[in-house]
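These notes concern the structure reproduced below.
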Amino acid sequence: MIRKMHETELESILDIWLISNLEAHPFVAKEYWYENLAQVKSDLPKATIYVATDVKDQPLGFIGVMDNYIAGIFVKSTARSQGVGHKLIAQAKENSTMLTLNVYQKNARAVAFYQHEDFKIIKTEFDKTVKEKEYLMRWTSNEAVDFK
């Protein structure tokens, strides 16, 4: 099931965020994620957070969207490759005609996932903080007119 996050789930959502980032980004120093945990905790309530849950209504993953920007999508390792990410992206698409996101170039699995979800690479950027290339990707619905 996909639903909006409950306030009481903030800590478990943060755990998913931290563990997923550590697993998906071995090329980024672990300290970076720990140092940013407090900021993410502060920023999460500002985003629209959709949570994918199991049959016991426990979070399996989540997606955070702010002004048509996917700030992140994170799924527990035990729930990956089971359609959870697809369902979260579908929920975000349902409420938008255009979405953008950033993804590290070295995170090939995520890049492939987003391309499978019809996101296109529109720009290569450099994240000076972690010293890694990242892609700016965009999805546009069939109903939207893209003038670029």
Side-chain angles (χ1 to χ4, degrees), residues 1-25 28 32-33 36-130 132-148:
M1 179 172 101
I2 306 292
R3 59 165 170 74
K4 285 195 174 180
M5 181 184 83
H6 300 146
E7 282 184 39
T8 58
E9 295 172 317
L10 185 58
E11 291 302 322
S12 61
I13 292 300
L14 284 170
D15 286 345
I16 293 170
W17 177 87
L18 180 60
I19 293 167
S20 295
N21 274 309
L22 291 169
E23 292 171 347
H25 306 109
V28 175
Y32 174 79
W33 305 112
N36 283 283
L37 192 58
Q39 183 65 48
V40 171
K41 184 175 185 173
S42 170
D43 289 345
L44 272 174
K46 299 173 190 170
T48 301
I49 307 291
Y50 295 103
V51 178
T53 61
D54 62 16
V55 294
K56 296 180 182 177
D57 201 37
Q58 296 301 304
L60 295 173
F62 71 97
I63 188 169
V65 182
M66 295 179 76
D67 300 321
N68 296 318
Y69 179 77
I70 296 176
I73 179 171
F74 304 95
V75 178
K76 285 183 174 183
S77 59
T78 55
R80 291 185 196 138
S81 299
Q82 297 177 26
V84 174
H86 171 74
K87 289 175 185 172
L88 290 166
I89 288 282
Q91 178 66 50
K93 287 178 177 179
E94 200 173 285
N95 299 309
S96 231
T97 57
M98 191 266 301
L99 293 166
T100 59
L101 58 86
N102 287 83
V103 61
Y104 290 115
Q105 183 182 41
K106 287 183 180 176
N107 190 350
R109 182 177 174 156
V111 173
F113 169 76
Y114 292 125
Q115 288 175 323
H116 181 75
E117 293 294 333
D118 296 322
F119 282 78
K120 309 287 185 241
I121 297 170
I122 58 171
K123 188 176 180 183
T124 300
E125 301 174 325
F126 188 75
D127 183 337
K128 294 176 185 173
T129 306
V130 297
E132 291 291 338
K133 287 182 183 178
E134 63 182 353
Y135 295 131
L136 174 63
M137 300 182 78
R138 179 177 56 206
W139 166 83
T140 307
S141 76
N142 292 332
E143 293 85 37
V145 177
D146 188 4
F147 292 104
K148 290 189 178 183

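Just so you know, these numbers use all the heavy atoms, side chains as well, and skip hydrogens, waters and symmetry mates. One-based numbering along the sequence shown.
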Mind checking the OH-CG spacing from Tyr32 to Leu37? Nearest 0.5 Å is all I need.
12.0 Å
Between Val84 and Ala79, what is the shortest heavy-atom contact and its length?
CG2-O, 3.7 Å
Taking atom CE of Met137 and atom CG of Asp118, what is their separation to the nearest 0.5 Å?
10.0 Å
Below 4.5 Å, heavy atoms only, C-beta onward: do Trp17 and Leu44 meet side chain to side chain?
no
Closer than 3.5 angstrom, by distance alone: can the side chain of Glu9 be matched with the main-chain N or O of His6 as a donor-acceptor pair?
yes
For Val75, is there any backbone N or O sitting under 3.5 Å from a side-chain donor or acceptor partner on Arg80?
yes
Closest non-hydrogen contact found for Asp127 with Thr129 is OD1-N, 2.9 Å
Please tell me if the side chains of His25 and Glu132 come closer than 4.5 Å, counting only heavy atoms from C-beta onward.
no
At what distance, to the nearest 0.5 angstrom, does CG of Leu101 lie from CG of Asn68?
12.0 Å
Partner of Leu60 under side chain to side chain contact (heavy atoms under 4.5 Å, CB included), picked from Val51, Thr53, Asp54, is Asp54
How far does CD1 of Ile16 sit from CD1 of Ile73, to the nearest 0.5 angstrom?
11.5 Å
For residues Lys41 and Glu11, determine if any side-chain heavy atom of one lies less than 4.5 Å from a side-chain heavy atom of the other.
yes
Please examine the side chains of Gln115 and Val111, heavy atoms only from C-beta on, and report whether any two atoms are closer than 4.5 Å.
yes
To the nearest 0.5 Å, what is the distance between CZ (Phe74) and CG (Leu88)?
11.5 Å
What is the ring orientation for Trp139 with Phe119, classed by angle as parallel under 30°, tilted 30 to 60°, or perpendicular over 60°?
tilted
What heavy-atom pair brings Ser96 and Met98 nearest, and what distance separates the two atoms?
OG-O, 3.1 Å
When you compare the side chain of Gln91 with that of Ile63, does any pair of heavy atoms fall below 4.5 Å?
no
Less than 4.5 Å apart, side chain to side chain, heavy atoms only: is that true for Ile89 and Tyr114?
yes
NZ (Lys93) and CG (Leu99) are apart, to the nearest 0.5 Å, by 8.0 Å
For the residue pair Ser77 and Ile19, establish whether any side-chain heavy-atom pair is separated by less than 4.5 Å.
no
